[in-house]
Amino acid sequence: MAIKNQKSASEKLIYVGPNLSRGRLLQYQVFIGGLPTHLDEEFVALPALKRLFVPVAELNAAMAQTKQPGTPLHKYYKEALEV
């Protein structure tokens, strides 16, 4: 099925990074239909921030990786702490 390879407009992504200041982005916030457009400036300043959005089904594995030194998600999480 070709549709399976395309991202769905109803795809749910969850943010596994740290809270951003001023309530711009909260950990475990869910977004439907892709990355939030109100964060475009943050994505330009820190492209790794995009990597902290994962499909909801992968939440448990992603959270484990954010805590495990040496994994890409751990590195991205640490970078996001500096934003």
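Small disclaimer: the values here were computed from a predicted structure and weren't measured. The figures here come from the full heavy-atom set of this structure, side chains too, leaving out hydrogens, waters and symmetry mates.
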Verify, without hydrogens or angle tests, whether N19 (side chain) and Q27 (backbone) share a donor-acceptor contact under 3.5 angstrom.
yes
Quick one: are M63 and Y28 in side-chain contact, heavy atoms under 4.5 Å?
yes
CG (L46) and CG (L52) are apart, to the nearest 0.5 Å, by 8.0 Å
Would you find a donor on one side and an acceptor on the other, under 3.5 Å apart, between the side chain of Q29 and the backbone of L26?
yes
Do E42 and L25 come close enough that some side-chain heavy atom pair is under 4.5 Å?
no
Closest non-hydrogen atoms of A80 and L20, given as atom of the first, atom of the second and distance, are O-CD2, 4.1 Å
Measuring centre to centre across the rings, with the benzene-like ring taken for any Trp, is F53 within less than 6.0 Å of F31?
yes
Within the 4.5 Å heavy-atom criterion, are P47 and Y76 side-chain neighbours or not?
no
Just how far is it from atom CG of L73 to atom CD of Q68, taken to the nearest 0.5 Å?
10.0 Å
Can you tell me how far apart CG (L35) and OH (Y15) are? Round to the nearest 0.5 Å.
11.5 Å
Are L13 and V54 packed together at the side-chain level, in the sense that at least one heavy-atom pair is separated by less than 4.5 angstrom?
no
Determine yes or no for a side-chain-to-main-chain donor-acceptor pair under 3.5 angstrom, with T66 supplying the side chain and Y77 the backbone.
no
Donor-acceptor under 3.5 Å (R24 side chain, S21 main chain):
yes
Considering all heavy atoms of both residues, which atom of V16 and which atom of A62 are nearest to each other, and what is their separation?
CG1-CB, 4.2 Å
How close do H74 and P69 get, heavy atom to heavy atom, and via which atoms?
ND1-CA, 3.6 Å
Minimum heavy-atom distance between I32 and K12, given as atom pair plus value:
CG1-CG, 3.8 Å
Would you name the heavy atoms of P36 and F43 that are closest together and state the gap between them?
O-CE1, 3.5 Å
